[in-house]
Protein chains: 2
Amino acid sequence: MSVTEQPEGGPRRQSRQRNAVLALLDELDGFRSAQDLHALLRERGDSVGLATVYRALQALVDDGQLDVLRSTDGEAAYRRCSSSHHHHLVCRSCGRTVEVADPPVERWAARIAAEHGFVDVQHDVEVFGTCAACAAARA
Amino acid sequence: MSVTEQPEGGPRRQSRQRNAVLALLDELDGFRSAQDLHALLRERGDSVGLATVYRALQALVDDGQLDVLRSTDGEAAYRRCSSSHHHHLVCRSCGRTVEVADPPVERWAARIAAEHGFVDVQHDVEVFGTCAACAAARA
DNA sequence: GTGCTCATGAGAATCATTCTCCCACGCGGA
DNA sequence: TCCGCGTGGGAGAATGATTCTCATGAGCAC
């Protein structure tokens, strides 16, 4: 979500593990922690090192192919995302997410920052709630 | 920022250390990590254990007297805050913060959530930038 | 195929945070 | 004022996520 550099790390080398991580993220649709992803890969017989998962995730984040989210318990969660700027609506119960791109918030953030003399602005917005399906299931 | 319970933990016992933490936070105006606060207390000769600082901070958060922020590197940062709902404008360089309470975002979050059938909604919004002073100093 | 790199894997290292255990102080009652 | 209970405090160990190290193995250009 940061709009910083992308110093071009050269043509990233292909590898089974990196593809596996990306493929896994492609078929999941909520935010998953690195530990989760690692466990899932192992479960399905893909022998991948934990460190490798972290490296792959970081590389993908650098490439703008993933979004990261820090949960309140300090774990980082990753999700395959469109690369354009957007925010998330996350279901607290099932982890399902919806991408939200809405000009009003962008303008709001810019205005607030300008009013206080801040420059070089960037913002983080996440909305948590219970999705319709989970709310119904719980009732 | 969560609007959960506050089960009333009984009349919290007074103590030098707890007051020291609160006093320190009162005179600082940016977000500080627990480690920072602990180091600062030690520096000024206040012998306080690290665990105690964490305990005090958690107690204060529970009481709604502090706001917590998880930075991207996984460290939690604390700040003395008004207890009403608001968001922050944080200077990336000096850590200075401005509290922002603005109905438009609240409405935006509620609307977005409603549009997707989400209920029981809560949101996190933080705006990072470089404050006027730091921008000037850097130029 | 050859060689140069960069990626990988296992485990150690690091870092923030929490837990454990035990001691000491605050506070209410005698 | 003195006593005893219970909570708060300190030190250091434990935990858990993430990163680093280093030797080995796999892409990719020629």
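Throughout, a chain's letter reflects where its sequence line sits, starting with A, and its residues are numbered from 1.
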remark   = In terms of heavy-atom contacts, A:Arg96 and A:Cys131 come closest through NH2-CB, 3.7 Å

ask   = With respect to the phosphate group of C:dG9, does any side-chain polar atom (N or O) of A:Gln17 fall under 4.0 Å of OP1 or OP2?
value = yes

Nucleotides 19-23 of chain D: which of its N/O atoms have a protein N/O under 3.5 Å away?
from: D:dT19; atom 1: OP1; to: A:Gln58; atom 2: NE2; distance (Å): 3.3

query = A:Leu57 has an atom CG; how far is it from atom C1' of D:dT18, in whole Å?
reply = 11 Å

inquiry  = From CG of B:Asp73 over to C1' of C:dA16, roughly how many Å is that when rounded to an integer?
reply    = 10 Å

query = Does B:Glu27 pair with B:Arg44 as a salt bridge, N-O distance under 4.0 Å?
reply = yes

inquiry  = Taking the basic N atoms (NZ, or NE/NH1/NH2) and the acidic carboxylate oxygens, is any pair closer than 4.0 Å for A:Arg80 and A:Glu99?
reply    = no

ask   = Hey, does B:Gln35 reach any base, or is it just sugar-phosphate, or nothing, if we go heavy atoms under 4.0 Å?
value = base

task = Find the bend of the helix from C:dG1-D:dC30 to C:dA30-D:dT1 as the angle between its two terminal axes (five pairs each), to the nearest 10°.
result = 30°

key: Pairs meeting criterion ring pair (Phe, Tyr, Trp, His ring centres under 6.0 Å) with involvement of residues 62-83 of chain B, two or more places apart   = none

message = Once hydrogens and angles are ignored, does a donor-acceptor distance under 3.5 Å link the base of C:dC6 to the side chain of A:Arg13?
response = yes

task = May I ask you to check whether A:Phe128 and A:His88 place their ring centres under 6.0 Å from each other?
result = no

